[in-house]
Amino acid sequence: MRWSQYFINTLREVPADADVISQKLMMRAGMIRKVAAGIYTSLPLGLRSMQKMEAIVREEMNRAGAIELSMPTIQPAELWMESHRWERYGKELLRVKDRHERDFVYAPTAEEVITDTVRDAINSYRLLPVNLYQIQTKFRDEVRPRFGLMRGREFVMKDAYSFHASRESLDDTYEKMRVAYSAVFHRCALDHVAVDADTGNIGGSASHEFMVLAQSGEDAVVSCPNCKYGANIEKATSKFFDADATLAPLAELAPIHTPGTQSIDDVGKFLSKLTSELVKTLVFDTDKGCVMVLVRGDREGNEIKIKNHLGAEFLEMMPDTRFEAATGGPVGYCGPVGTNAARVLADISLRGVANWVVGGNKKDTHIAGANPGRDFPEPEYGDFTTVFAGDPCPRCDTPLQIHRGIEVGHVFKLGTKYSEPMNCTFLDEKGARQPMIMGCYGLGIGRTVAAAIEQSHDDDGIIWPMPIAPFEVVVTQIGKEDNVRATAEELYQRLRAAGVDVLLDDRDERPGVKFKDADLIGFPLRIGVGAKSLANGQIEWSFRKDRVKQLGAADEVLARVIEEVTKARV
RNA sequence: CGGGGUGUAGCGCAGUCUGGUAGCGCACCUGCUUUGGGAGCAGGGGGUCGUAGGUUCGAAUCCUAUCGCCCCGACCA
């Protein structure tokens, strides 16, 4: 491709609304262009990177035995009603009506359509398992789209769905997909980890997330530097509590006057105690009623864990307007003694601890010496708090670390969550009808490309990993002399003939402009042809990552560049 | 959802407080000079000032409504 004939519009200035590096650089490099909030055009350069990413994913999926198909982005509401996600998915699901006023959704994922497809086509265990995938545009109407391709509303995702006659078969495919995912990210030279994850909106039993480690990541990843334990912070556990806390003698229940101390820090200061010596009470409004959760004063409640424990569909902090009616006490002073809350949970770290200091369910009042079983009913114990850095690993007690990560892939064991309600069944060896056991596997194409940039850039621009660079090599023609032009042209033709993805910068621009553009776009390799070195029969070449110029005769440089490109293709 | 901000040329911004018919930089076009890390000079094109009402002799500017976009918050009991 010749730059002068191509469509590249680089920007010198940073668009005002870009807030992460990858978004700024992709916009400046002319790879993407924002059309609306969270909705982007992939410009030619950006599209090339995306297509390369897709090709890698396709290869690894095919290698893992998955079969490609393509499902519609607009899907009938009936299917979503069958799975009950029409009611449960919430506002992220974009609903549209056609001219006949029939309901449709713009699909955020395709469990319903694939399940519908497979239940029609497969009725026998003899035809299982199957693993089907597509690379398709999705839409999720995010509350607050941001970070460019990292959290867009419209995005391209690879989604695969597997169907099985047995758990073992699902385990087998799940493992193959995990291996395939690692291979994909490895090929893109991404520093990533696979961690235990919550299943969220999709549902199911086991689940792993693939996280690319980056400062700008929206997720927190807990990992053990010793034993490879890794989990999303939503799911991570630790052994931070003292499991065999000895039972102190039970004290008298004693109300304390604590005016103006609504926050746990205030209470701690007022009573000259550490917050870890107090018990914090969180109150949630859920579809299971008002739920009170007690945690140690210095810890944070974990809504995901609480929601999962309750089996709740809906959970949020109790709004102040309904607080008193629901708990029987004012905001800031609530506690388990004499509460109206339907259920009281307590973090496992409180089990066996005596003489709690809690809210008194009365203005300006706390209570010391509260003991479960005596002063209020024994609460339901469980793991309801979020792991902190330094907590001991649940497996080996090593202090845990927390990093930021970008979720680029997510695999789930769905079980029969969709096959059962949608009646996707097969006949087993004994002729008995059974629901198929399912797995599903997502991988964000655009998000992975953005993550690669987050991980690999400098002040001047992107530094592409070769496999997803829009072009592998740029040939910069420096100057307009006939021999410069002719040599650049010749190198360009020979690289093309060798199958290298090469862009010839034949524009009538000053050298500085060409260098800056090449750095910004981030071609991994650059060949420079200019009158100065050409006078000595030499051309120059350099890697984007270090920009150290090397000189050599054309044949020699060509051989080295082709070698580097081949090496990176794996 | 709550709070804040913003909308003026393709991009980044000033002008709004104190109304008088729109400006700067980048980009773009023409010419000359220049040519190894985003050139210089000269000339030029491009904007119903988000939209709709209102006030006024006169509105980018004041008032009202509305839409878009951006940021921050959502563990505080």
Side-chain angles (χ1 to χ4, degrees), chain A residues 9-20 23-24 27-28 30 33-39 90-91 143-148 258 260-267 275 278-285 290 292-295 297-306 315-324 326-336 339 341 358-366 384-386 459-461 476-481 484 505 507-521 526 528-535 539-540 542 547 549:
Chain A
N9 181 26
T10 58
L11 304 175
R12 193 176 299 199
E13 289 181 89
V14 187
D17 52 10
D19 34 33
V20 289
Q23 186 184 14
K24 284 180 190 164
M27 290 179 90
R28 282 193 57 210
R33 191 188 128 83
K34 191 165 86 168
V35 176
I39 300 176
K91 288 193 177 162
V143 195
R144 184 141 85 92
R146 50 186 150 176
F147 303 153
T258 52
T261 56
Q262 295 211 345
S263 79
I264 197 77
D265 287 336
D266 292 341
V267 179
T275 53
L278 308 173
V279 174
K280 184 159 73 174
T281 306
L282 312 172
V283 179
F284 296 96
D285 188 17
C290 169
M292 182 172 278
V293 181
L294 306 167
V295 303
D298 60 333
R299 307 301 292 194
E300 284 180 5
N302 181 317
E303 289 190 14
I304 305 276
K305 290 180 180 177
I306 296 165
L315 179 144
E316 67 172 31
M317 297 298 294
M318 181 64 71
D320 290 0
T321 48
R322 293 213 302 284
F323 197 94
E324 287 218 37
T327 68
V331 173
Y333 298 96
C334 85
T339 183
V358 296
N361 286 324
K362 210 160 68 177
K363 185 150 174 53
D364 297 337
T365 303
H366 281 76
F384 302 127
T385 55
T386 298
D459 290 346
D460 292 310
T476 310
Q477 176 193 309
I478 307 159
K480 289 186 277 193
E481 296 82 354
V484 168
D505 191 353
R507 291 177 300 168
D508 183 14
E509 285 286 356
R510 299 163 61 86
V513 172
K514 295 188 173 192
F515 296 145
K516 288 286 185 189
D517 274 343
D519 287 349
L520 176 59
I521 297 168
R526 190 169 71 73
V529 182
K532 283 186 186 170
S533 38
L534 207 52
I539 58 170
E540 57 200 46
S542 58
R547 280 185 291 199
K549 277 179 193 151

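Heavy-atom basis, side chains included; hydrogens, waters and symmetry copies ignored.
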Participant: Write down the distance between CG (A:Asn361) and C1' (B:rA77), rounded to a whole number of angstrom.
Facilitator: 11 Å
Participant: I'd like the P distance from B:rA22 over to B:rG45, given in whole Å.
Facilitator: 14 Å
Participant: Please state the C1' separation for the pair B:rA77 and B:rG4 - nearest whole angstrom.
Facilitator: 25 Å
Participant: Going by modelled atom types, is there a donor-acceptor pair between the base of B:rG12 and the side chain of A:Arg28 at under 3.5 Å?
Facilitator: no
Participant: With P as the reference atom in both, quote the distance from B:rU61 to B:rG7 in angstrom, rounded to an integer.
Facilitator: 12 Å
Participant: What's the CG-P distance between A:Leu278 and B:rA77, to the nearest Å?
Facilitator: 11 Å
Participant: Using a 4.0 Å heavy-atom cut-off, does A:Ile264 contact any base of the nucleic acid, only the sugar-phosphate backbone, or nothing at all?
Facilitator: sugar-phosphate
Participant: Just checking A:Asn302: base, sugar-phosphate only, or nothing, at a heavy-atom cut-off of under 4.0 Å?
Facilitator: base
Participant: Given the structure, check if the side chain of A:Asn9 and the base of B:rG10 hold any donor-acceptor pair shorter than 3.5 Å.
Facilitator: no
Participant: Could you tell me whether A:Lys362 atom NZ has more than 12 heavy atoms of other residues or ligands within 6.0 Å of it?
Facilitator: no
Participant: If I pick the C1' atom on B:rU6 and the same atom on B:rG46, what distance separates them, to the nearest angstrom?
Facilitator: 24 Å
Participant: Select one nucleotide: of B:rC69, B:rG38, B:rC1, the one nearest the side-chain heavy atoms of A:Ala37.
Facilitator: B:rC69
Participant: Between B:rC76 atom C1' and A:Glu303 atom CD, what is the distance in whole Å?
Facilitator: 12 Å
Participant: Is there a donor and acceptor pair, one atom on the side chain of A:Glu509 and one on the base of B:rG38, closer than 3.5 Å?
Facilitator: no
Participant: If you measure from the P atom in B:rA60 to the same atom in B:rU51, how many Å do you get, rounded?
Facilitator: 11 Å
Participant: How far apart are the closest heavy atoms of A:Thr385 and A:Lys305, and which atoms are they?
Facilitator: O-NZ, 2.7 Å
Participant: Could you state the CG-P distance from A:Asp517 to B:rA27, rounded to the nearest angstrom?
Facilitator: 11 Å
Participant: Can you establish whether the number of heavy atoms outside A:Arg33 located under 6.0 Å from its atom CZ is more than 12?
Facilitator: no
Participant: Does one side chain, of A:Thr476 or A:Arg526, offer a donor that lies under 3.5 Å from an acceptor on the other?
Facilitator: yes
Participant: Quick one: which of B:rU35, B:rA77, B:rG12 gets closest to the side chain of A:Cys334?
Facilitator: B:rA77
Participant: Indicate the atoms forming the closest heavy-atom contact of A:Arg28 with A:Leu520, along with that distance.
Facilitator: O-CD2, 3.5 Å
Participant: Between B:rA77, B:rU35, B:rG37, which nucleotide gets closest to the side-chain atoms of A:Lys516?
Facilitator: B:rG37
Participant: Searching all strands shown, indicate the nucleotide that pairs with B:rG43 (Watson-Crick or G-U wobble; both distances under 3.5 Å).
Facilitator: B:rC29
Participant: As a test of reading the structure: which of B:rC1, B:rG12, B:rG38 is closest to the side chain of A:Ala16, going by heavy atoms?
Facilitator: B:rG12
Participant: Which base sits across from B:rC13 as a Watson-Crick or G-U pair, both distances under 3.5 Å?
Facilitator: B:rG23
Participant: Classify A:Lys514 by what it touches in the nucleic acid, base, sugar-phosphate, or nothing, heavy-atom distance under 4.0 Å.
Facilitator: nothing
Participant: With rounding to the closest Å, how many angstrom separate the C1' atoms on B:rG37 and B:rA42?
Facilitator: 26 Å
Participant: Have A:Asn361 and A:Tyr333 got a donor and an acceptor in their side chains that come within less than 3.5 Å?
Facilitator: no
Participant: Both A:Gly359 and A:Lys91 contact RNA chain B. Taking the nearest nucleotide for each, which residue is further toward the 5' end?
Facilitator: A:Lys91
Participant: Is A:Arg510 close enough to B:rA39 that one of its side-chain N or O atoms is under 4.0 Å from OP1 or OP2 there?
Facilitator: yes
Participant: Just name whichever nucleotide pairs with B:rG7, Watson-Crick or G-U, keeping both distances under 3.5 Å, else none.
Facilitator: B:rC67
Participant: Go ahead and name the base partner of B:rU56; Watson-Crick or wobble counts if both distances stay under 3.5 Å, otherwise write none.
Facilitator: none
Participant: Given the P atoms of B:rG5 and B:rU64, what is the spacing between them in whole Å?
Facilitator: 15 Å
Participant: Taking CD from A:Gln477 and P from B:rG36, how many angstroms apart are they, rounded to a whole number?
Facilitator: 15 Å
Participant: Decide whether a cation-pi geometry holds between A:Lys549 and A:Phe515; the criteria are a distance under 6.0 Å from NZ or CZ to the six-membered ring centre and an angle within 45° of the ring axis.
Facilitator: yes
Participant: If you only use heavy atoms from C-beta on, which nucleotide in B:rC75, B:rG36, B:rC1 is closest to the side chain of A:Phe515?
Facilitator: B:rG36
Participant: Nearest to the side chain of A:Asp519 - B:rG37, B:rA39, B:rA77?
Facilitator: B:rG37
Participant: Grab the CG-P distance between A:Leu315 and B:rC75 for me, whole Å please.
Facilitator: 12 Å
Participant: Tell me the partner of B:rG2, counting only Watson-Crick (N1-N3 plus N6-O4 or O6-N4) or G-U wobble (N1-O2 and O6-N3) with both under 3.5 Å; none if nothing fits.
Facilitator: B:rC72
Participant: Starting at atom CD of A:Glu13, determine the distance to atom C1' of B:rC26, rounded to an integer number of angstrom.
Facilitator: 5 Å
Participant: Counting C-beta onward and ignoring hydrogens, is there a side-chain heavy-atom pair between A:Lys516 and A:Asp460 closer than 4.5 Å?
Facilitator: yes
Participant: Respond yes when some side-chain nitrogen or oxygen of A:Lys34 is under 4.0 Å from OP1 or OP2 of B:rC70, and no when none is.
Facilitator: yes
Participant: Would you indicate what A:Ala36 reaches in the nucleic acid, counting non-hydrogen atoms under 4.0 angstrom: base, sugar-phosphate, or nothing?
Facilitator: nothing
Participant: For B:rA27, take OP1 and OP2 only and decide whether either is under 4.0 Å from a side-chain N or O of A:Arg12.
Facilitator: yes
Participant: Suppose you measure atom P in B:rU56 against the same atom in B:rG47; what distance do you get, rounded to whole Å?
Facilitator: 31 Å
Participant: For A:Ser533 and for A:Ile306, locate the closest nucleotide of RNA chain B by heavy-atom distance; then report the residue assigned to the nucleotide nearer the 5' terminus.
Facilitator: A:Ser533
Participant: In whole angstrom, give the distance that lies between atom CG of A:Asp508 and atom C1' of B:rG36.
Facilitator: 15 Å
